[in-house]
Each structure stands twice: as C-alpha cells, then as structure tokens.
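Throughout, a chain's letter reflects where its sequence line sits, starting with A, and its residues are numbered from 1. For clarity, every value in this text was computed on a predicted model and none was experimentally measured.
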2 protein chains.
Amino acid sequence: MEPNTEEKIKAAAARLFTTRGFAATRTRDIAAEAGINLALLNYYFRSKENLYRIIMAENFQVFFRGALQIFQNQETGVQEKISLLVDYYIGRLLENPDIPSFVINELRTNPNALIQQAGMHEALKDTNIFSQISQYLEDRGSDMEPVHFILNLLGMTIFPFLAAPAFQSALGLEKEQFSQLLAQRKKLIPVWIDAIINANSLKASTHTS
Amino acid sequence: MEPNTEEKIKAAAARLFTTRGFAATRTRDIAAEAGINLALLNYYFRSKENLYRIIMAENFQVFFRGALQIFQNQETGVQEKISLLVDYYIGRLLENPDIPSFVINELRTNPNALIQQAGMHEALKDTNIFSQISQYLEDRGSDMEPVHFILNLLGMTIFPFLAAPAFQSALGLEKEQFSQLLAQRKKLIPVWIDAIINANSLKASTHTS
DNA sequence: AAATAATTTAATCAGATGATTAAACAGTAA
DNA sequence: TTACTGTTTAATCATCTGATTAAATTATTT
C-alpha cells in the first residue's frame, strides 16, 4: 500500500520537475513534497541531475514508446494507426497534461541528448513510420510531404495541451470543461487529417476556389 | 549605430531568457553576454525579476498583438485573415524561433498573470475573434466548434516551432532545411484549414467512409 | 541479545547567485 | 579649473542551494 521511500521521492520529483522544470526545482522542495529529509534524496539518487535524468527518461518513454508500438503493428493500416495514435496520446495526456511542455522545454535546452537517450534513431528505422506514411499518402494520390503530415497530426493532438493554460484563462474555462473539449478531439482529429489528405490529392483535378 | 547599454542588456537578456528560461538564466551570464558589469544590470533594471518582466511583456506583444490587429481589420474576410495570420506568425517565428517555447513555459508556471498583463480579455472582446469565426463557420455550413478551429490553426502553425529541435535531431536535418519546410506551410495551412471546414460541413450529407 | 547492515536525520560545508556599496570614471555646466 | 551629474567598476554581503558527514534510528541476521 504505502509506497517505499524511493518511489515517494520519484513521484514528488516527477510532479515538480514536470511543472517547474529542472532549474526552478529545489532539491529541498522535492524532499518536502515527498515528506522526507533532503539527505535521503542524495542517498537514493546521488544527485539532483541523476534523479532528473531518471524522471526525464520515464516521461520520454510515455511520450514515444506508445506511439512507436502502434506503428510497429503489422496488422493495422495507417488510417487505423492514426486513430489509435490520437486516442493514445490524448488519453495519456489527459492524465499527465504537463508532459508536453516538459518535453518541449527539455528539447529546447538539451536538443539531441534526449533523442539519443530514448534510442529514437533506431526505433524510427525499425518501425519505418516514414515510409509507411509516405506509401499511404501516395496510395491516396496525395503529394503531401510526410513531414507535414506528421507535424499536422502532432500539432493538432499535442498543441492544445501546451496552450491549455492560456485558453483556460482567456476563455474563463474550468480545467474539467477544457478536458472534455480535448477528449472530443479523439474522434475529430482523424476526420480532419483525412480531409487534409483529400485536399492535397484533389488540388490537381479541381479548381473551385 | 552602437546600441546604448540599456538596449545591450535587454538584447542579451532576451536571448538568454528565451532560450534557457528564467530560473536557469544567471544575471552574471546576462552581464557577460551584454559585455557589461553585473552591477550595471541592477543599476538599469533594479532586479532580475523586473528585467524578466520587461522581456516577457515584449515577447508576448509580438506573439499576440499582431494577431489581434489582423482580426481587428474590418475590411478583410475571415478566410483572408487566416492567410494573413499564418503568414504573420510563421514569418515572425522564423526570425524568433524560441518565442513559442518561452511563452508556453511562462504560461505553465505563471498561468493567468501573463494573460492579464497583455490585456487579453479586453482585446479578445474588442476584436470579437470568436464571433467572427463562429459566423464564418456557420456560413460555410460547418458545425465545428470555434475553439477547435482555433486550436487547429494555432497547432498547425506554432507546434512545428516547438517540435523543431526534436525533428531536426531525429531526421538529421539542418536548421536551414527545416526553416524552408516551415516556410512552405505559409501557403499550405490555409488550404488545409479550408479542407477541415469542408469535412465538417459535408459530414451530414455524404456517407462514404 | 549482540552484531551487522540498511535507513533516516540534524548539522554543516562549499560554492553559486542576486543584490548592494563605495569608489572611480566620463561627460557637461558653471 | 571646479562642481555636478550620470555611468561603470571591483569588491563585498547575505542568502540560497546542492551535497556531505557523522551520528542516530530501525531493521535484519547470527
């Protein structure tokens, strides 16, 4: 029932690191949040940096592993994969809304370290996401660049979580209301993505502005 | 020609604050970057916090004022406004790619302070962006919620800049190459946005899966 | 129980960091 | 020149912060 000390520290560190970032988080705050003594943090994790790396890696796992697994599945087509991906991300992020801004922030200050650490390069080759999408777009007669496709998909899915504080404040919405709005997008985004692909494939044949 | 000391400090502070965030930026680093003595920073700006507030406000201006002005113009229709907006944002952000993650980060740690500071609430009412979009969607027979529309538009426009470090690293692209990719989106996003609206309006009449 | 190992704590250290101070310097007016 | 004002600097302060230490406490083994 009661989680052990190590887990308590990790949970506290995850909360603070993801909401405040590395530099703004004090080891004393983590200790207080975990209800333990400062020295214990160093006893279990040697240093703040080390603890951070661990938390970071786990967040990163959540952020990428699931997506990769979806694309590794040979049984499903791209269209289905898109739905699964959007569903997965929005579901996960509704539980952990701070992860995107944490990852973004980390990427800004630590560009390639993070990518390598999670073994992105190999994973990307393994799942050949790019060629899957490339083939899919080709089949549907679209001349869209796969990069744009991915940027659109992730942008529509992830950006709302990054902008959430601004929107909630600007529109005077409660957290709960905004969450419902984001949940709706699980169904909507795949439809929109589909429409975008069609737009690019029809562009050559029709000319109605 | 030579900018005065105050401007040099502000420029240096802007560079460091936007790339590292508040907590990770040392006043000594700002001083060194500006080529001045640490005490001068406090002589001109009283404190690190005060300097930060100034930089933040200016970044925020860039991020929102332009967008609001575009929507204030009574002469242009919504469709044209979208093109202008995308063009404006991508143009500005290509010059200052770090602003989005700076703003996002600030919003996370300081939710409503930022919104109020820039006078968002009044500005939003003045320009009635929401009702303009709402009306536009209605006219085109779409049942999309205006919030989703805005989230999609901003997501497709801004997200790529947030994800840039990841994409550059993962795809092994040079900064310059990725910038060109993003510049392409000035023309593409309006088309995609259009397709999305059509998708929602056609949904009721057609049933081809 | 005694001994040993694992866990936790209070106290402290060393360095970093935001800010201040007092003095030096430069330009301008009298 | 002298006096005055605004600017810049080196030196210093007080506090914060990550980390260590040595001792105390608890758990485990013999």
Side-chain angles (χ1 to χ4, degrees), chain A residues 1-60 98 102 105-106 108-110 113-114 117, chain B residues 1-60 98 102 105-106 108-110 113-114 117:
Chain A
M1 214 81 301
E2 175 85 0
N4 65 10
T5 307
E6 194 171 340
E7 285 306 319
K8 278 196 293 185
I9 297 175
K10 274 174 65 174
R15 273 194 295 277
L16 296 186
F17 278 143
T18 50
T19 51
R20 301 181 191 177
F22 177 77
T25 302
R26 318 280 154 232
T27 51
R28 282 166 173 80
D29 296 342
I30 298 175
E33 174 93 3
I36 54 103
N37 188 286
L38 167 62
L40 263 184
L41 188 149
N42 291 291
Y43 173 73
Y44 278 103
F45 295 96
R46 277 178 38 89
S47 75
K48 179 188 177 185
E49 273 217 353
N50 191 43
L51 175 56
Y52 182 72
R53 261 196 294 274
I54 293 169
I55 301 299
M56 197 188 63
E58 289 183 1
N59 272 343
F60 219 66
D98 283 321
F102 173 79
N105 207 46
E106 183 55 31
R108 183 181 54 169
T109 55
N110 222 347
L114 209 49
Q117 204 246 339
Chain B
M1 215 77 303
E2 175 86 358
N4 63 10
T5 307
E6 192 170 339
E7 285 306 318
K8 278 196 294 185
I9 297 175
K10 274 174 66 175
R15 274 194 295 278
L16 297 186
F17 279 143
T18 49
T19 51
R20 302 182 188 175
F22 177 78
T25 302
R26 315 287 154 224
T27 51
R28 279 167 175 79
D29 296 342
I30 298 175
E33 174 93 4
I36 53 106
N37 188 285
L38 168 61
L40 262 184
L41 188 150
N42 291 291
Y43 173 73
Y44 279 104
F45 295 97
R46 277 179 37 89
S47 75
K48 179 188 178 185
E49 273 217 353
N50 191 44
L51 175 56
Y52 182 72
R53 259 197 296 275
I54 293 169
I55 301 299
M56 195 188 65
E58 290 183 0
N59 272 343
F60 218 66
D98 283 321
F102 173 78
N105 205 48
E106 182 56 31
R108 182 180 55 168
T109 55
N110 221 348
L114 211 50
Q117 204 246 338

Atom [atom1] of [X] to atom [atom2] of [N]: distance rounded to whole Å?
X       : N      : atom1 : atom2 : result
A:Lys8  : C:dT7  : NZ    : P     : 13 Å
A:Asn4  : D:dT26 : CG    : P     : 19 Å
B:Ile30 : C:dA16 : CD1   : P     : 18 Å
B:Ile9  : D:dT7  : CD1   : C1'   : 11 Å
A:Ile36 : D:dA19 : CD1   : C1'   : 14 Å
A:Glu6  : C:dT7  : CD    : P     : 9 Å
B:Leu38 : C:dA16 : CG    : P     : 15 Å
A:Arg28 : C:dC13 : CZ    : P     : 14 Å

To the nearest 0.5 Å, what is the distance between [atom1] ([X]) and [atom2] ([Y])?
X       : Y       : atom1 : atom2 : answer
B:Leu41 : B:Ile36 : CG    : CD1   : 5.5 Å
A:Glu33 : A:Arg15 : CD    : CZ    : 4.5 Å
A:Leu51 : A:Asn42 : CG    : CG    : 9.5 Å

Of all the nucleotides listed ([options]), which has the minimum atom distance to the side chain of [X]?
X       : options               : answer
A:Ala39 : D:dA19, C:dA19, C:dT9 : C:dT9
A:Tyr43 : D:dT9, C:dA6, C:dA19  : C:dA6
B:Tyr44 : C:dT9, D:dT8, D:dG18  : D:dT8
A:Asn42 : D:dT20, C:dA6, C:dT20 : D:dT20

Check whether any side-chain nitrogen or oxygen of [X] sits under 4.0 Å from OP1 or OP2 of [N], and answer yes or no.
X       : N      : value
B:Arg26 : C:dT17 : yes
A:Thr5  : C:dT8  : yes
A:Thr27 : D:dT17 : no

Check: B:Phe22 and B:Glu106 side chains under 4.5 Å, non-hydrogen atoms: no
Under 4.0 Å, heavy atoms only, any strand: does B:Leu41 hit a base, just the sugar-phosphate, or nothing? nothing
Whichever of B:Asn37 and A:Gly35 has the more 5' nearest nucleotide on DNA chain C, that residue is A:Gly35
B:Lys8 and B:Tyr44: side-chain contact (heavy atoms from CB on, under 4.5 Å), yes or no, with the steps? CA-CA 11 Å; B:Lys8 278 196 294 185; B:Tyr44 279 104; over 6 Å; no
